[in-house]
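All residue numbers refer to positions in the sequence shown, counting from 1.
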Amino acid sequence: MRFALVGLFLAAIYSAIYWYLATYVMAPVLAVVIAFIVSVSLGFVLHSRWSFRGHGREEDHRMKVKFLLVQFSGFLLNEAFTWVLTGPMHGPTWWPLIPAIFVTPFATFALNRQLVFN
């Protein structure tokens with residue numbers, strides 16, 4: 001439940017930043033970079049301090065590296081969705097938000113739970 005609440009908040013932040021930048025400022029694949037950096041930065045603090053609190057050991061360097069690797073896999077997913085949907089498929093900038101909200105969070109949750117905050 002805590003993960004879901006934080007995830008919804010982060011999805012809203014990511015979506016707002018991505019959509020604005022991709023629609024008005026820069027190429028969608030570049031907008032993913034900025035939106036992801038902001039949401040991952042907030043996500044680490046919120047997930048480690050609240051969502052997964054009590055699951056596993058104290059924060060250490062290895063945990064942070066694992067968290068970043070998991071988030072990088074989410075970043076790659078979002079970049080792939082964005083490239084395909086706004087590039088070859090010529091879709092609008094909002095299309096990649098659908099898998100970014102409904103696919104990527106579930107994949108990163110599973111990886112975080114098993115590899116980072118176990």
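- Applying the side chain to side chain donor-acceptor pair (under 3.5 Å) test to every pair with at least one member in residues 33-46, sequence neighbours left out, gives no pairs at all.
- A continuous path of ILVMFWY side-chain contacts below 4.5 Å connects Trp83 to Leu30, so both sit in one hydrophobic cluster.
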Atom pairs and distances, side-chain donor-acceptor, residues 98-107, under 3.5 Å, sequence neighbours left out:
residue	atom	partner	partner atom	Å
Thr104	OG1	Asn78	OD1	2.6

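- Under the 4.5 Å side-chain heavy-atom criterion for ILVMFWY residues, no single connected hydrophobic cluster contains both Leu69 and Leu10.
- Follow the hydrophobic side-chain contacts under 4.5 Å out from Leu85 and you reach Met26 in the same cluster.
- Qualifying side chain to side chain donor-acceptor pair (under 3.5 Å) partners for Ser15, counting only residues two or more places apart in sequence or in other chains: none.
- Trp19 pairs by the ring-ring contact (aromatic ring centres under 6.0 Å, His included) definition with Tyr24, not counting sequence neighbours.
- Contact record, Phe67 with Asn112: CD1-OD1, 3.5 Å, taken as the closest heavy-atom pair.
- Residues forming a side chain to side chain contact (heavy atoms under 4.5 Å, CB included) with Leu111 (at least two apart in sequence, or on another chain): Val70, Ser73, Leu115.
- Ala35 is linked by a side chain to side chain contact (heavy atoms under 4.5 Å, CB included) to Tyr14, Ile17, Tyr18, counting only residues two or more places apart in sequence or in another chain.
- Residues satisfying the side chain to side chain contact (heavy atoms under 4.5 Å, CB included) test with Val33, not counting sequence neighbours, are Ile37, Phe75, Glu79.
- Considering all non-hydrogen atoms of both residues, Ala31 and Ala22 come closest at CB-N, 3.6 Å.
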Donor-acceptor pairs under 3.5 Å, side chain of residues 86-95 to any protein atom, not counting sequence neighbours: which ones?
residue	atom	partner	partner atom	Å
Thr86	OG1	Thr82	O	2.6
His90	ND1	Gly87	O	3.3
Thr93	OG1	Thr23	OG1	2.8

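- If you chain together hydrophobic residues whose side chains sit under 4.5 Å apart, Val84 and Leu76 fall into the same group.
- The shortest side-chain heavy-atom distance between Leu97 and Phe81 does not fall under the 4.5 Å cut-off.
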